Amino acid sequence: MQLTEKLTINTPSSVQVITPDWVNNKIQLSIKRDDQIHSIISGNKWRKLHYTLEQAVTQKTKHIVSFGGGFSNHLHALGYCCHQLNIQFTAIVRGDYSKNLSPMLQDLLDWKTDVQYVDRVTYKKRTNIEYIQQLQKQYPHALLIPEGGSQQQALQGVTNIITELPQIYDYIIAPVASGGTLAGLIK
Ligand SMILES: *Cc1c(COP(=O)(O)O)cnc(C)c1O
């Protein structure tokens, strides 16, 4: 079974066109409704994880580790995918939210995620090569995915947003955090 089928991913997402009356009907806005890809896996998070998860399933990966803040949509989406795919998930979270769970962290615990709270100094090392090697030694069978799901393969997944578009546009506007989505759109 295809991964998109297994996770009930609804792509291609639709494009909704709005002609705002506050600019004399001179501008047309189109919204790529990636928010409708899935009720839990938010749109751009799926795009970024698509090929990495496909590879993880093909290689029968049993454990995934990733990083994020206490309100991370990336950890939330990835935790849900791992739960559905029977992959153990470890979330390394910046700050101690154990007495103050966010909705995302509550869901992750419900999905049997191993949530590990680290202080800001430790979290800062998330791209540090020695720290990554140490984690890989600690979890020898785990696939490590960087913060935001913004690994190299994410770019390929994000380009699908563009290839699904029905026409050429003058501008593309996107919110930015880790920059993975932006980088994929530029690619
Ligand atoms: C994650 C997220 C972003 C940021 O995406 P990046 O690829 O990390 O820049 C923007 N908007 C929403 C709704 C998100 O969930």
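Just so it is clear, the structure is predicted and the values come from calculations on it, not from any experiment. Just so you know, ligand 1 is whichever comes first in the structure, and atom 1 is the first atom listed for that ligand.
- You'll find the side chain of Arg126 stays beyond 4.5 Å of the side chain of Ile92, heavy atoms only.
- Side-chain atoms of Asp110 and Gln106 include a donor-acceptor pair closer than 3.5 Å.
- The residues Lys137 and Glu130 are annotated as not salt-bridged, no charged nitrogen and carboxylate oxygen being separated by less than 4.0 angstrom.
- Remark: of the listed residues Gln116, Gln138, His63, His63 is the sole one forming a side chain to side chain donor-acceptor pair (under 3.5 Å) with Thr90.
- Note on ring orientation: taking the six-membered ring where Trp is involved, the planes of Tyr97 and Tyr117 are tilted (angle from 30° to 60°).
- Seen from the ring of Tyr123, Arg94 counts as a face-on cation partner, given the 6.0 Å and 45° thresholds.
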Note down each nitrogen or oxygen pair, ligand 1 side and protein side, whose separation is under 3.5 Å; give only atom names and the distance to 0.1 Å.
| unit_1 | atom_1 | unit_2 | atom_2 | d |
| --- | --- | --- | --- | --- |
| ligand 1 | 5 (O) | Asn44 | ND2 | 3.1 |
| ligand 1 | 7 (O) | Lys48 | NZ | 2.7 |
| ligand 1 | 7 (O) | Gly180 | N | 3.4 |
| ligand 1 | 7 (O) | Thr181 | N | 2.8 |
| ligand 1 | 7 (O) | Thr181 | OG1 | 2.7 |
| ligand 1 | 8 (O) | Lys48 | NZ | 3.2 |
| ligand 1 | 8 (O) | Ser178 | N | 2.9 |
| ligand 1 | 8 (O) | Ser178 | OG | 2.5 |
| ligand 1 | 9 (O) | Ala177 | N | 2.7 |
| ligand 1 | 9 (O) | Ser178 | N | 3.2 |
| ligand 1 | 9 (O) | Gly179 | N | 2.9 |
| ligand 1 | 15 (O) | Lys45 | NZ | 2.6 |
| ligand 1 | 15 (O) | Asn73 | ND2 | 3.1 |

